[in-house]
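Take a look at the structure below.
Naming: A, B, ... by sequence-line order, numbering from 1 per chain.
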Amino acid sequence: MTRLSRYFLPTTREAPADAEAASHRLLVRAGLARQLGAGMWTWLPAGWRAHRKVEQIIREELDAIGAAEVLMPVLQPAELWKRSGRYDIDEVFKLRDRRGAELVLAMTHEENLTWHIAREVRSYRDLPKLLYHFQTKERDEPRPRAGVLRTREFIMKDSYSFDRDLEGLDRSYELHIEAYDHIFDRSGLEWYRVESDVGMMGGLGAHEYMAPCAAGENEVALSEAGYAANVEVASATPQPIDGLPEPLPEPRPVETPGATTIDAVSRMLGVPAGALIKAFPLFVDGRGPALVVIRGDHRLNEVKLRNALGAAARPAEPEEVRENFGAEGGFIGPVRAQVEVLADEALRGLSGLVAGGNEPDVHLVGVEPGRDFKATWVDVRRVEPGDTCPNGATIRIEPAIEVGNIFKLGLRYSEPLGAHYLDEEGREQPIWMGSYGIGPARIVAAAIEQFHDEHGIAWPRSVAPFDVELVTLGRQGEEARRVADVLYEQLRGVGLDVLYDDREMSAGEKFADAELLGCPLRLTVGRRSIEAGEVDVQIRRGREKRSVPLDGAAEAAADLFYTLP
RNA sequence: CGGGCUGUGGCGCAGUCUGGUAGCGCGCUCCGUUCGGGUCGGAGAGGUCGCCAGUUCAAAUCUGGCCAGCCCGACCA
């Protein structure tokens with residue numbers, strides 16, 4: 001019996017002043033969730049229903065690939081985390097119990113599960129294993145934001161795969177791709193599986209599932225030819241430069257007093273920004289000073305740079321720049337540089353370029369990479385909209401929220417936690433692991449982000465809190481109330497989840513609330529429709545109105561419901 | 001962690017500059033009215049002005065400290 005008169009669905013006319021993201025505003029306005037503190041959210045009944053619908057889709061698809069659900073504690077011994085080397089991560093919440101024992105609140109559960117696997121798995125016959133769980137994860141986020149998109153405490157589905165070898169891991173990974181593709185299709189979202197950075201943790205491969213939306217924290221490079229990559233790792237063919245200067249037989253110094261920016265040099269010399277060589281003096285961990293150069297109209301991608309270097313790097317300090325280049329920032333360049341030079345691929349084959357002269361107020365014109373300086377060629381620039389993807393189509397860049405990720409962990413946890421097995425020859429082998437996450441709350445939020453209008457949410461039917469909102473305009477004792485009471489039972493009888501708005505309120509308020517909550521179908525029973533022998537139906541997405549005969553209305557509603565996106 | 005902003009009935013805000021004992025809209029309660037797109041009218045309830053200290057005859061208002069929240073950036077294995 002889900003009667004709105006007794007349900008807890010506190011809708012509001014106005015959103016909290018500090019809510020900016022559409023999902024944040026609508027989660028609150030539609031009565032789905034409330035904030036308790038920074039990055040701490042309470043799911044109210046209707047919001048929790050949506051969350052659970054997402055969970056159920058995930059369960060079904062993971063069960064379908066042979067994964068089995070478990071439950072693990074949030075509170076864990078710090079010892080495990082010290083062993084895996086994750087205890088020092090700032091985001092890990094740490095605490096002590098009354099005896100002073102150190103504990104952590106888990107942000108993921110690799111240590112926990114690997115610990116058990118290490119104890120229980122002995123033989124190659126015990127592998128592979130696919131396990132998953134839903135659990136509250138805790139993260140001391142530096143900056144919670146955008147409603148439930150980034151919180152300090154949230155429920156995450158994590159799967160972990162345990163295999164005999166890399167080939168086995170590849171199979172588990174492929175199984176997860178299969179399951180995840182189904183999950184996100186069923187969730188009704190627009191989504192992309194993108195290549196992603198394997199991060200500092202190493203790893204053998206990773207993809208992220210991204211849902212484009214305005215409030216997204218990530219950027220994805222997409223093309224019509226099916227290219228999809230996180231901008232952090234995206235590669236593309238650059239756009240050509242218009243008006244490149246004529247090549248010179250050798251670099252020639254020119255006076256460029258005070259021109260320390262790309263823009264200033266470009267204007268002073270009358271050349272396009274793309275004709276400049278932008279130089280970044282660096283200090284590479286364990287290697288010392290280096291210089292990375294890219295095209296003047298390009299931007300450096302720090303993730304790609306880190307991957308190209310195979311080490312972390314920081315911008316060189318001003319003293320280090322003077323010491324190594326004989327000039328201040330703005331006038332340094334790769335020609336006759338005394339340090340290791342890395343040059344972005346986009347510079348390869350160009351000539352007639354302009355570079356810093358490595359002396360104050362001087363640039364060099366007519367520079368040709370390869371001829372005038374030697375460099376290691378690398379791909380470290382950020383792709384730009386309009387670039388050409390590897391499949392030959394034009395790149396566009398969209399903000400997106402990461403709703404899932406899959407990651408080939410390799411031996412990252414099995415080694416420190418001692419997860420081994422004996423192979424057919426009786427030799428001890430490490431267990432190959434993968435981990436695979438999904439944030440149900442982010443799917444809920446992304447659905448709202450992607451599907452809303454000025455009236456409220458327009459849920460995909462698979463995650464809507466209810467399939468149908470039944471609105472009666474009749475008061476206690478009126479016929480419209482009696483008819484709606486019957487229809488409510490009939491709708492439930494045909495298997496629909498129904499929210500029944502039986503409140504004694506004006507029609508306008510009930511309609512407005514129904515559109516705010518955004519169930520795929522709204523059925524209205526009032527005196528007018530009864531006299532016509534009909535029930536009025538509104539399809540929330542697009543707000544299309546129809547009528548169906550009162551007789552058989554439940555079946556008609558169900559038939560219509562299953563045709564909706 | 002750096003930068004910016006905000007804390008005043010449940011929500012959204014004004015009042016703070018220029019100190020004089022708190023106001024508006026929505027919501028809520030009651031009465032009447034209306035009844036298929038947030039009806040209309042009337043009467044009410046509800047506030048330690050984020051917290052602590054200081055200045056002052058007097059502090060929402062001035063000063064100092066603290067706390068919380070939001071936005072941008074850094075960060076987000």
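Comparing the same atom, C1', in B/A59 and in B/G25 gives a spacing of 27 Å after rounding to whole Å. Comparing B/G65 with B/G9, their P atoms sit 25 Å apart, to the nearest whole Å. Between the P atoms of B/G3 and B/A60, the separation comes to 31 Å (whole Å). On the P atoms, B/A14 is 35 Å away from B/C75, given to the nearest whole Å. One C1' atom belongs to B/G50, the other to B/A58, and the distance between them is 23 Å to the nearest Å. Between B/G42 and B/U33, the distance separating the two P atoms is 16 Å to the nearest Å. Comparing B/G47 with B/A22, their C1' atoms sit 9 Å apart, to the nearest whole Å. The separation of B/G46 from B/C5, taken at their C1' atoms, amounts to 29 Å, rounded to a whole angstrom.
Residues satisfying the side chain to side chain donor-acceptor pair (under 3.5 Å) test with A/S172, not counting sequence neighbours, are A/D163. A/D165 pairs by the side chain to side chain donor-acceptor pair (under 3.5 Å) definition with nothing, not counting sequence neighbours. Residues passing the side chain to side chain donor-acceptor pair (under 3.5 Å) test with A/D513, sequence neighbours excluded: A/T11, A/R503.
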What's the verdict on side-chain hydrogen bond (donor to acceptor under 3.5 Å, both in side chains) for A/T136 and A/E153, showing C-alpha distance, side-chain angles and the deciding distance? CA-CA 7 Å; A/T136 300; A/E153 174 174 292; 5.3 Å; no

With ring pair (Phe, Tyr, Trp, His ring centres under 6.0 Å) as the criterion, how do A/W41 and A/H24 come out once you've worked through the C-alpha distance, each side chain's angles and the decisive distance to 0.1 Å? CA-CA 11 Å; A/W41 283 81; A/H24 184 181; 5.2 Å; yes

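Closest to the A/S506 side chain, of the nucleotides B/A77, B/U39, B/G38, is B/U39. Minimum atom distance to the side chain of A/I89 is reached by B/A77, of the listed B/G36, B/A77, B/G69. Closest to the A/R29 side chain, of the nucleotides B/G36, B/G69, B/G38, is B/G38. Distance from the side chain of A/A512 is smallest to B/G38 among B/A77, B/G36, B/G38.
Annotation: side chain of A/F134 is in contact with side chain of A/I58 (closest heavy-atom distance under 4.5 Å).
Evaluation of atom-type donor-acceptor distances gives a pair under 3.5 Å for the side chain of A/K545 against the base of B/G37.
Remark: A/R13 is in phosphate contact with B/G27, judged by side-chain N or O atoms under 4.0 Å from OP1 or OP2.
Aromatic rings of A/Y7 and A/F466 (six-membered ring for Trp) have centroids within the 6.0 Å cut-off, being under it. Residues A/H452 and A/W459 place their aromatic rings such that the two centres sit no closer than 6.0 Å.
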Taking N or O atoms only and anything under 3.5 Å, show me the protein contacts with nucleotides 5-15 of chain B, one pair per line.
from	atom 1	to	atom 2	distance (Å)
B/G12	OP1	A/A17	N	3.2
B/G12	O2'	A/E14	OE1	3.2

Under-3.5 Å N/O pairs linking protein and nucleotides 72-74 of chain B:
from	atom 1	to	atom 2	distance (Å)
B/C72	OP2	A/R143	NH1	3.2
B/C72	OP2	A/R143	NH2	2.7

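Mapping A/E91 and A/G508 onto RNA chain B by nearest heavy atom places A/G508 at the nucleotide closer to the 5' end. Heavy-atom nearest nucleotides on RNA chain B were determined for A/V525 and for A/A21, and the one closer to the 5' end corresponds to A/V525.
Atom-to-atom, CD of A/Q35 to C1' of B/G69 comes out at 7 Å; the value is rounded to the nearest Å. The distance between atom CG of A/L523 and atom P of B/G36, rounded to the nearest whole Å, is 18 Å. Straight-line distance from the CG atom of A/D90 to the P atom of B/C1: 10 Å, rounded to whole Å. The interatomic distance linking A/L149 (CG) with B/C70 (P) rounds to 13 Å, in whole Å. A/K510 places its NZ atom 15 Å from the C1' atom of B/U39, with the value rounded to the nearest Å.
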How does protein contact run along nucleotides 28-34 of chain B, one letter per nucleotide 5' to 3', with B for base contact, S for sugar-phosphate only, - for none, heavy atoms under 4.0 Å? -------

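Inspection of the A/R86 and A/T108 side chains reveals an N or O donor paired with an N or O acceptor under 3.5 Å.
Counting non-hydrogen atoms under 4.0 angstrom, A/A146 reaches the backbone sugars and phosphates but no base. Residue A/A38 is in sugar-phosphate contact alone, with no base atom involved, counting any heavy-atom pair closer than 4.0 Å across all strands shown.
In this structure, A/A229 and A/V194 approach most closely via the heavy-atom pair CA-CB, 3.6 Å.
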